[in-house]
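Below is one structure, written out as structure tokens; comments come after it.
Values below: every heavy atom of this structure, side chains too, minus hydrogens, waters and symmetry copies. In this text the structure is predicted, and so the values were computed from the model without any measurement.
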Amino acid sequence: MAATSGTNCNQLLAYLPYELIKMNPKVWIGYRDMTALILSVYAKTGLETYAGPDLASFGTNHRFHYSESYFEKATMTHRAYQISLSATWSNDPWHSSPEDRNFHPQNGFRVVQSGSATGKLLAGNLTTWSLLFGTEWMPDLNDAVVFIEDAGAINSFTFDQLYQSLLHQPNADKLRALVLGRFEAASSVTARGLDLIIR
């Protein structure tokens, strides 16, 4: 588990002992920059990896129960489980004190194109994931349900470019579904703009 996020995990990829990692399975979990590590370990070893909280997130201690409960279900049990929406969401920095956090009611999923799908789950930060495009560390998109999120700095134009680059990867035409995480308030991605890009 990453202590917190960074900017250059992809520098490690050529130096990881993937065969040794495969023989000694561990939980690999993180988000944002850790996307490069979790997806490359999956691509090279076939081991399950997790897009999820880093260690710093566990230090928030304020309304973290939702994330903590799913962390436990994903990494500490072998039972299937259904994911329900959290009651609230926050866009405050992870290091904000409990008194400085602003929580908003959850309004549910927004569906651009309805349907159902099954497949292997691949997830991560799109900007970091794009660093793997065209490399030996890029996971196969065949029969994948892809979950992507991105940071506050992204805008509609950058998201459109990265999304198109994802669709240009081998076997992208065999994707089963695409699920997007909520964009941060600092981004300029709007619901209407997102509809236009996806459609």
Side-chain angles (χ1 to χ4, degrees), residues 1-60 64 66-78 81 83 93-95 119-154 158-159 161-172 175-184 187:
M1 177 184 284
T4 187
S5 192
T7 57
N8 53 9
C9 274
N10 64 312
Q11 294 179 359
L12 303 173
L13 304 185
Y15 306 102
L16 293 179
Y18 293 101
E19 283 304 313
L20 188 61
I21 290 169
K22 186 174 183 175
M23 292 186 298
N24 299 276
K26 304 283 188 293
V27 171
W28 288 72
I29 186 167
Y31 67 107
R32 301 272 167 88
D33 188 46
M34 277 291 288
T35 296
L37 282 178
I38 62 175
L39 290 179
S40 67
V41 166
Y42 170 74
K44 287 291 198 176
T45 68
L47 295 175
E48 288 182 0
T49 58
Y50 302 88
D54 55 27
L55 191 60
S57 299
F58 283 90
T60 59
F64 189 68
Y66 174 85
S67 296
E68 185 177 20
S69 68
Y70 282 106
F71 169 80
E72 290 177 2
K73 289 175 185 179
T75 63
M76 299 179 191
T77 71
H78 294 288
Y81 59 93
I83 298 173
W94 65 267
H95 51 78
K120 64 186 177 190
L121 305 181
L122 297 176
N125 175 274
L126 184 57
T127 298
T128 304
W129 197 338
S130 71
L131 302 174
L132 305 182
F133 294 173
T135 73
E136 63 186 276
W137 302 288
M138 175 67 185
D140 185 1
L141 298 177
N142 187 37
D143 292 332
V145 174
V146 169
F147 290 75
I148 53 179
E149 56 89 8
D150 221 306
I154 198 166
T158 306
F159 173 74
Q161 289 176 326
L162 295 175
Y163 175 60
Q164 286 301 318
S165 293
L166 176 67
L167 296 180
H168 293 158
Q169 298 307 300
N171 289 329
L175 283 174
R176 298 291 188 175
L178 175 70
V179 181
L180 302 176
R182 180 187 308 279
F183 285 87
E184 293 184 29
S187 79

Those residues that, when tested against [X], pass side chain to side chain contact (heavy atoms under 4.5 Å, CB included) (two or more places apart):
X	answer
Ala177	Ala117, Val145
Leu55	Met1
Ala144	Lys120, Leu122, Val146, Leu175
Ser187	Ile154, Phe183, Val189

_Looking at Gln169, I want to see if its CD is surrounded by more than 12 non-hydrogen atoms of other residues, nucleotides or ligands under 6.0 Å._
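Yes - once you tally the heavy atoms of other residues, nucleotides and ligands closer than 6.0 Å, there are more than 12.
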Check: Counting only N and O atoms by type, is there a donor-acceptor contact under 3.5 Å from the side chain of Asn125 to the main-chain atoms of Thr128?
Finding: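 Confirmed, Asn125 side chain pairs with Thr128 backbone.
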By the salt bridge (Lys or Arg N to Asp or Glu O under 4.0 Å) test, which pairs, at least two apart or in different chains, include something from [range]?
range	value
residues 2-14	none
residues 124-138	Lys44-Glu136
residues 1-19	none

Item to check | Partner set under side chain to side chain donor-acceptor pair (under 3.5 Å) for Tyr18, not counting sequence neighbours | outcome: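 Trp137.
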Residues two or more places apart in sequence or in another chain: which of them pass ring-ring contact (aromatic ring centres under 6.0 Å, His included) with Tyr50?
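ring-ring contact (aromatic ring centres under 6.0 Å, His included) check on Tyr50 returns nothing, list empty.
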Practice task
Could you list the residues that satisfy salt bridge (Lys or Arg N to Asp or Glu O under 4.0 Å) with Arg176, not counting sequence neighbours?
Solution key: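 Salt bridge (Lys or Arg N to Asp or Glu O under 4.0 Å) check on Arg176 returns Asp143.
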Salt bridge (Lys or Arg N to Asp or Glu O under 4.0 Å) involving Glu184 - partner list, sequence neighbours excluded =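 Glu184 satisfies salt bridge (Lys or Arg N to Asp or Glu O under 4.0 Å) with Arg32 once adjacent residues are dropped.
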Check your understanding: Can you list every pair that meets side-chain hydrogen bond (donor to acceptor under 3.5 Å, both in side chains) and has a residue in residues 69-78, with sequence neighbours left out?
Key ->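 Pairs touching residues 69-78 that pass the test: none.
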Which heavy atom in [X] sits nearest to a heavy atom in [Y], and how many Å separate them?
X	Y	result
Gly6	Asp33	O-CB, 3.2 Å
Ile83	Tyr66	CG2-OH, 4.0 Å
Asp54	Thr4	OD2-CA, 3.4 Å

pair [X]-[Y]: side-chain heavy atoms closer than 4.5 Å:
X	Y	value
Phe159	Leu180	yes
Trp129	Pro139	yes
Ile29	Pro53	yes

Hydrogens and angles aside, do Thr127 and Asp150 bring a side-chain donor and acceptor to less than 3.5 Å of each other?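 Yes, Asp150 and Thr127 have a side-chain donor paired with an acceptor closer than 3.5 Å.
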Q.
Under the side chain to side chain contact (heavy atoms under 4.5 Å, CB included) test against Tyr42, which residue among Leu37, Thr49, Leu47 passes?
A.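 Between Tyr42 and the candidates, side chain to side chain contact (heavy atoms under 4.5 Å, CB included) is satisfied uniquely by Thr49.
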**Request:** Kindly determine whether Leu13 and Thr135 satisfy side chain to side chain contact (heavy atoms under 4.5 Å, CB included), including the steps that lead there.
**Result:** CA-CA 10 Å; Leu13 304 185; Thr135 73; 5.9 Å; no
Would you check, one step at a time, whether the test side chain to side chain contact (heavy atoms under 4.5 Å, CB included) holds for Ile148 with Leu178?
CA-CA 8 Å; Ile148 53 179; Leu178 175 70; 3.8 Å; yes
Practice task
Report the distance from atom OG of Ser40 to atom CD1 of Ile21, rounding to the nearest 0.5 Å.
Solution key: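 These two atoms lie 7.5 Å from each other.
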Determine whether Leu131 and Thr35 satisfy the following criterion, side chain to side chain contact (heavy atoms under 4.5 Å, CB included), listing intermediate values before the conclusion.
CA-CA 10 Å; Leu131 302 174; Thr35 296; over 6 Å; no
